[in-house]
Amino acid sequence: MQSVSELLTAQCREALVAAFGPSFQETDPLLMPTNQPKFGDYQANVALSLAKPLKQAPRAIAAQIVDHLAVDHLSEAPTIAGPGFINFKLTPEFLAQQLQQLQQHPRLGIDSVSDPQKIIVDFSSPNIAKEMHVGHLRSTIIGDSIARVLEFLGHEVLRLNHVGDWGTQFGMLITYLREACPEALIQADAVDLGDLVTFYKRAKERFDRDEAFREAAREEVVKLQAGERDTLRAWTILCDQSRREFDKIYQRLDIKLQERGESFYNPLLPNLVELLRQQQLLVEDQGAQCVFLEGFQNKAGNSQPLIVQKSDGGYNYATTDLAALQYRIQDDGADRIIYVTDAGQANHFAQVFQVARRAKLIPDTVEVVHVPFGLVQGEDGKKLKTRSGETIRLRDLLDEAVERARADFLERLRTDDRQESEAFINQVAQVMGLGAVKYADLSQNRTSNYIFSYDKMLALQGNTAPYMIYAYVRVQGISRKGNIDLSNLRSQLSIVLTDETELILAKHLLQLQDTLKTVAQDLMPNRLCQYLFELSQKFNQFYDRCPVLSAEDSVKASRLLLCDLTARTIKLGLSLLGISVVERL
RNA sequence: GGGGCUGUAGCUCAGCAGGAUAGAGCGACCGCCUCCUAAGCGGUAGGUCGCGCGUUCGAAUCGCGCCAGUCCCGCCA
């Protein structure tokens, strides 16, 4: 379906052309929702911006546009207000007709895109032999939501988990384990992941202070890269073990993604360096193979290098990312590649993208984009560091969230003197707890930093997942109470919108498509959260003022329709955030 | 030294392809359950949109400069 704003925009375009000629075909009418009800529902600001080129007064321009507007099938007569705004107020009849269409549309009015793209979303990406912590939560949840939205819109999405399963860290860890815990290297599950993390920290300490250890670790890396049998087996065991732990988390969070770690690209690295050499981008400096960057300077004011091959012959993660980029474009056939990582890597990606462009690895038709998010900070405003040991483990965080939701729900049951089955209580706790965690993260503009707080993350009131789930449950309550099968509402029922809250709700229901398109373009799930929160607010106001079941038949029918559309929209919207609902509370 | 991000109400943040009187949640205070579940609804209080200059008919939004916080910057990822 065409959205209301698309319909109005199209009409404005036609009016512009009719009034001022074909050269205005591409002029954006600058249509947007009004910020105040007294100005109607939408406003077109184009008249003001045309004042200078047309050398006419904005209000006079607006008048000419209005003269050529044919919008009486959807709006009351447009008015010119203030310095030259054109205001539109949608008619109740039009809204009713649009709602009817929505009701019959299997995807709530959202058509699949006509030009599906192959899109890679690279997210989550924990490191092998480390535990997932709150820092991984943001990438995982934001990436998953972006993938869900793009999938729903009809794109072919490849969700890639670019796990850290290669490199110096393994040299350290394996070297350390050889002496501290050799059984971990030959036998699966000889130690658990928590112990591995401890070993990793100790290995890192040794690496930082012990020259001989450092040398041994490097040799181990060389063996790994050469595919030496012992080392490779140790590596495989470590990876398998970590993978099982990750999968538990992903299963719990209902996140699907395909693992393709750094090691996957390892065989491609020599060719990539060779390619850079052929492109004459490579410069040897102090034994390392470098590409000197444009626009990046070091302290001395000289051009900064991106090292693609170390002086010892090893490769860096920049090399891997370049190889991955090449593979994803040439072999996966990606049209758009999205990297969801913390903002601290902005420089890195800018550099990698620059070198890739200069090496002609990125055709003009392919979009590569870093989707950064702010750091997870402690209460002190400092970055939560893995090495500090104060990091909160992801699985503990999720446990805590579910436990709090459960305690809260039990308290409510006690207050209302209700009895419920254990299974039901568990389900509510699960949905509410995990929903709260995900929503807390997604509802923030991802670029801002995130000060970690259990209390804020797990709040169950206000702009939270439970608020929206509650609105959804209210609709299901009406359905149960009235014995009404909402999925079976008569499609030709008449709709009468009279109360202000009904009109406001109806208008908001019709904006889902605009919202999803924005999210797909800007990759900002918080816009969808904002939309759903406002929808729930508007529904609750409607619910407060407009009885449904006790209303007379014609009114009741259209109110049921509003309820059903609201519930379906909330359920769909939350699902695109990776959040599920319950049918009752 | 260079660069990224951030700075909006007591707190946490939306808004930033320029648009009419800057919004929400939490917290505070005052109301609303004989009526579809109050995880709800209504109301009050609370802001020199970090500071300055500029572009513009119009700037929280764009540009430049400054201040503050945070992160990154050659062989870790």
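What you see is a predicted model; the values in this text were computed from it and never measured. Below, chain A is the first sequence line, B the second, and so on; all start at residue 1.
Distances shorter than 4.0 Å separate some side-chain N or O of Y467(A) from OP1 or OP2 on C41(B). The side chain of R527(A) contributes an N or O atom lying less than 4.0 Å from OP1 or OP2 of G15(B). Phosphate contact (OP1/OP2 of A77(B), side-chain N/O of N127(A), threshold under 4.0 Å): absent. Close to C57(B), at under 4.0 Å from its OP1 or OP2, lies a side-chain N or O of K52(A). Taking only side-chain nitrogens and oxygens, Q169(A) never comes nearer than 4.0 Å to OP1 or OP2 of C76(B). Contact between the side-chain N/O atoms of N445(A) and the OP1/OP2 oxygens of G15(B) is found at a separation under 4.0 Å. Residue R474(A) places none of its side-chain N or O atoms closer than 4.0 Å to OP1 or OP2 of A39(B). Neither OP1 nor OP2 of C72(B) sits under 4.0 Å from any side-chain N or O of Q345(A). An OP1 or OP2 oxygen of C73(B) is reached within less than 4.0 angstrom by no side-chain nitrogen or oxygen of N347(A). Residue R584(A) has no polar side-chain atom (N or O) positioned under 4.0 Å from OP1 or OP2 of A39(B). Contact between the side-chain N/O atoms of S448(A) and the OP1/OP2 oxygens of A14(B) is found at a separation under 4.0 Å.
When heavy atoms are screened at a 4.0 angstrom cut-off, D408(A) is found touching base atoms of the nucleic acid. Contacts of C529(A) with the nucleic acid, taken as non-hydrogen atoms under 4.0 Å apart, are absent. In this structure, R545(A) reaches neither bases nor backbone, as no heavy-atom distance under 4.0 Å exists between it and the strands shown. Among the protein residues, G344(A) comes within range of the sugar-phosphate backbone only, with heavy atoms under 4.0 Å from sugar or phosphate atoms but none that close to a base. When heavy atoms are screened at a 4.0 angstrom cut-off, F207(A) is found touching no nucleic acid atom at all.
One can place OH of Y439(A) at 12 Å from P of C26(B), the figure rounded to the nearest angstrom. Residue D342(A) contributes atom CG, which lies 9 Å from atom P of C72(B) at whole-angstrom precision. If you measure from atom CG of D416(A) to atom P of A38(B), you get 10 Å, rounded to the nearest angstrom. In this structure, CG of N35(A) is placed 8 Å from C1' of U21(B), rounded to the nearest angstrom. The distance from atom CG of D544(A) to atom P of C32(B) is 14 Å, rounded to the nearest whole Å. Between D441(A) atom CG and C13(B) atom C1' there is a gap of 13 Å when expressed in whole angstrom units. L486(A) places its CG atom 12 Å from the C1' atom of C36(B), with the value rounded to the nearest Å. Regarding L31(A), its CG atom lies at a distance of 15 Å from the P atom of A20(B), rounded to whole Å.
A donor and an acceptor atom sit less than 3.5 Å apart, one in the side chain of Q43(A) and one in the base of A20(B). Below the 3.5 angstrom threshold, one finds a donor paired with an acceptor across the side chain of N87(A) and the base of A20(B).
Checked for salt-bridge contact, R404(A) and D408(A) miss the test: no charged N lies under 4.0 Å from a carboxylate O. Ionic pairing of E294(A) and R357(A) is not present here: no N-O contact between side-chain nitrogen and carboxylate oxygen is shorter than 4.0 angstrom.
G19(B) has no stacking from F85(A) on its base ring, since the centres under 5.5 angstrom apart and planes within 30 degrees of parallel are not both found. Evaluation of F296(A) against the base of G3(B) yields no stacking contact (centre distance < 5.5 Å, interplanar angle < 30° required).
Each of A39(B), C71(B), C57(B) was ranked by its minimum atom distance to the side chain of L375(A); first place goes to C71(B). When distances run from any side-chain atom of Y543(A) to the nucleotides G19(B), A38(B), C76(B), the shortest one goes to A38(B). For N526(A), the listed nucleotide lying nearest its side chain is A14(B); candidates were C26(B), A14(B), U37(B). In this structure, of C41(B), A20(B), U37(B), it is C41(B) that holds the atom nearest to the side chain of N540(A). Distances from the side chain of Y470(A) to the nucleotides G40(B), G25(B), G15(B) place G40(B) closest. Listed candidates were G2(B), G19(B), C36(B). Nearest to the side chain of V548(A) is C36(B). Comparing A20(B), U70(B), G74(B) by their nearest atom to the side chain of A81(A) picks out A20(B). Considering only the side chain of Q461(A), G40(B) comes nearest among G40(B), U37(B), C36(B). Checked against U37(B), C76(B), C41(B), the side chain of Q537(A) finds its nearest nucleotide in C41(B). Taking only side-chain atoms of Q304(A), from C-beta outward, the nucleotide of C73(B), C26(B), U21(B) with the closest atom is C73(B).
Comparing Q444(A) and N316(A), the nucleotide of RNA chain B nearest to each residue sits closer to the 5' end for Q444(A).
Side-chain polar atoms of S124(A) and H136(A) form no donor-acceptor pair below 3.5 angstrom.
Between F353(A) and Y339(A), the distance from one ring center to the other falls under 6.0 angstrom. Aromatic ring centres of F264(A) and H162(A): separated by at least 6.0 Å.
Look at the P atom in both C62(B) and U8(B): the space between them is 16 Å, to the nearest Å. Nucleotides G7(B) and C49(B), compared at atom C1', are 10 Å apart to the nearest Å.
Partner of Y467(A) under the ring-ring contact (aromatic ring centres under 6.0 Å, His included) criterion, chosen from F533(A), F539(A), Y472(A): F533(A).
Figure legend. C29(B) is base-paired to G43(B); pairs are counted as Watson-Crick or G-U wobble with both atom distances under 3.5 Å. The pairing partner recorded for G74(B) is none, the criterion being a Watson-Crick or G-U wobble arrangement whose two distances lie under 3.5 angstrom. In this structure, G18(B) makes no Watson-Crick or G-U wobble pair, since no nucleotide meets both defining distances under 3.5 angstrom. G63(B) is paired with C53(B) under the Watson-Crick or G-U wobble criterion, all donor-acceptor distances under 3.5 Å.
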Exercise answer: donor-acceptor pairs, residues 429-439 of chain A side-chain atoms, under 3.5 Å, sequence neighbours excluded:
from	atom 1	to	atom 2	distance (Å)
K438(A)	NZ	L253(A)	O	2.6
K438(A)	NZ	G578(A)	O	2.7
Y439(A)	OH	N463(A)	OD1	2.6
Y439(A)	OH	C529(A)	O	3.2

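In terms of heavy atoms, L325(A) sits closest to A356(A) at CD2-CB, 3.4 Å.
Glycosidic conformation of C32(B) is anti; the angle lies outside 90° of 0.
Cation-pi geometry between R559(A) and F542(A) is not satisfied (NZ or CZ under 6.0 Å from the ring centre, within 45° of the ring normal).
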